[in-house]
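Below is one structure, written out as structure tokens, with a few remarks after it.
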Amino acid sequence: MNRRPYRSSRPYKYHGFLHSDLARLLLFYILPFVTVNGIIFFLVTTRPKYELVIEGTNDYRTTDITFTIKSVMPLKEVTIKMDSEPLDLEKVGKKKYRATITHNGSLEIYMKNFNDMALLDYEYIDILDNESPIIEDAVSEEGVLSFTVSDTQSGVDFTSICGITSTGEQILPLSADRTTGRVSFPIDSNGLIVQVKDMTGNEFQTTFSLNSSEDPAAPESSAAEGV
């Protein structure tokens, strides 16, 4: 007598029932719970974001900055200050602003999201030439004053170098080496005033006197920013 094997389908039904309940639990309870809590966490902890581009300079007098808000959430407050003074920003696009900077300094950026998360950052601008040239290594020998003039940003305007004698006469240098920066002037016992500018117009003026008991070539200097 032939016997046919008999397999119960109940375990499969039971197994399928477990899978169905697990899928329902995952789909309707766990995933929504994780998603909702993830959204809440994002909304509560998200900080403001921005992008700041400091452009180059052609004249060492000005540079432009572009400030773009990258925050997803609405902002309660945005302030940008330059050396503690509010910066005048012009809107040039959606969430994009531009300003022209005329001197080196520190930018203070403060942003506050709708969720009260805040950001305070500092950006520094140091590519502009706000400093006058410097004179150093001065030596006086046999009626000739020699010194080195330099400027690390826009460069020395060698055509601006001149001397003023004690009688008020304006004189030109005996020599001015553009490669080394070494300059020489005739000088007498009454001293000499030397003036020099950089390529942006920042001026340096100094007085050399042969009557100094410490250093006959020691300068008494003053600087003025060019216009």
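Values reported hereafter were calculated over all heavy atoms of this structure, with side chains retained and with hydrogens, waters and symmetry mates removed.
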Thr100: what forms a side-chain contact (heavy atoms from CB on, under 4.5 Å) with it, not counting sequence neighbours?
Thr62, Asp64
Measuring from atom CG of Asp151 to atom CD1 of Ile134, what distance do you get when rounded to the nearest 0.5 angstrom?
8.5 Å
Val139 and Asp137, any side-chain heavy atoms less than 4.5 Å apart
no
Point-to-point distance, once rounded to the nearest 0.5 Å, from OG1 of Thr200 to CG of Asp59
8.5 Å
Pair up each side-chain donor or acceptor in residues 172-179 with any protein partner under 3.5 Å, not counting sequence neighbours, and list the distances.
residue	atom	partner	partner atom	Å
Ser175	OG	Ser184	OG	2.7
Asp177	OD1	Thr179	N	2.8
Asp177	OD1	Thr180	N	3.2

Ile101 and Leu87: CA distance, side-chain angles, deciding distance, side chain to side chain contact (heavy atoms under 4.5 Å, CB included) verdict
CA-CA 9 Å; Ile101 307 298; Leu87 195 62; 3.8 Å; yes
Nearest heavy-atom contact between Arg61 and Gly201 is NH2-N, 3.9 Å
Is the closest side-chain heavy-atom distance between Val53 and Ile65 below 4.5 Å?
no
Thr63 (side chain) donor-acceptor with Gly56 (main chain) under 3.5 angstrom
yes
Does Leu75 form a side chain to side chain contact (heavy atoms under 4.5 Å, CB included) with Asn113? I'd like the steps, not just the answer.
CA-CA 4 Å; Leu75 292 169; Asn113 267 351; 2.9 Å; yes
side-chain contact (heavy atoms from CB on, under 4.5 Å) against Glu169, all qualifying residues, sequence neighbours excluded:
Thr165, Thr167, Ile171
Distance from Leu89 atom CG to Lys96 atom NZ, nearest 0.5 Å?
13.5 Å
Which residues satisfy the side-chain contact (heavy atoms from CB on, under 4.5 Å) test with Lys95, sequence neighbours excluded?
Ile69
Test side chain to side chain contact (heavy atoms under 4.5 Å, CB included) on Val194 and Thr206; report intermediate values, then the result.
CA-CA 5 Å; Val194 174; Thr206 186; 4.2 Å; yes
First locate atom CD1 of Ile135, then atom OG of Ser150, and finally report the distance between them rounded to the nearest 0.5 Å.
9.5 Å
Residues that, via side-chain heavy atoms closer than 4.5 angstrom, fall in one hydrophobic cluster with Met199
none
Determine whether Val144 and Ile164 fall in the same hydrophobic cluster, where Ile, Leu, Val, Met, Phe, Trp and Tyr are linked whenever their side-chain heavy atoms lie under 4.5 Å apart.
no
Starting from Met117, can I reach Val78 by hopping between I/L/V/M/F/W/Y residues whose side chains sit under 4.5 Å apart?
no
Tell me if the CD atom of Glu131 is crowded by more than 12 foreign heavy atoms within 6.0 Å.
no
Not counting sequence neighbours, list each pair that qualifies as a ring-ring contact (aromatic ring centres under 6.0 Å, His included) and has a residue in residues 177-201.
none
Would Val183 end up clustered with Ile193 when hydrophobic side chains under 4.5 Å apart are linked, directly or stepwise?
no
Roughly how far, to the nearest 0.5 Å, is the CD1 atom of Ile125 from the CG atom of Asn130?
10.5 Å
Filter on salt bridge (charged side-chain N to carboxylate O under 4.0 Å, His left out), then keep only pairs touching residues 71-87, sequence neighbours left out; what's left?
Lys76-Asp116
With Tyr122 via side-chain contact (heavy atoms from CB on, under 4.5 Å) - residues at least two apart:
Ser106, Glu108, Leu120, Tyr124
Is the backbone N or O of Ser166 less than 3.5 Å from a side-chain atom of Asn190, with the two atoms forming a donor-acceptor pair by type?
no
Quick test of your reading: applying ring-ring contact (aromatic ring centres under 6.0 Å, His included), list the pairs with at least one residue in residues 53-110, sequence neighbours left out, ordered by first then second residue.
Tyr50-Phe67
Could you pull out all residues at least two apart from Ser154 that satisfy side chain to side chain donor-acceptor pair (under 3.5 Å)?
Asp129
Validation row: Ile80, Leu107 side chains within 4.5 angstrom (heavy atoms):
yes
Let me confirm one number: the OG-CD distance from Ser132 to Glu203, rounded to the nearest 0.5 Å.
9.0 Å
ring-ring contact (aromatic ring centres under 6.0 Å, His included) contacts in which one or both residues fall within residues 141-178, not counting sequence neighbours:
Phe147-Phe208
Does one side chain, of Arg182 or Thr148, offer a donor that lies under 3.5 Å from an acceptor on the other?
yes
Could you see if Val149 belongs to whatever hydrophobic cluster contains Ile187? Use Ile, Leu, Val, Met, Phe, Trp, Tyr and a side-chain cutoff under 4.5 Å.
yes
For Glu55, what residues pass the salt bridge (Lys or Arg N to Asp or Glu O under 4.0 Å) criterion, not counting sequence neighbours?
Arg98
Indicate yes or no for a side-chain donor-acceptor contact from Glu141 to the backbone of Ser146 under 3.5 Å, with no hydrogens or angles considered.
no
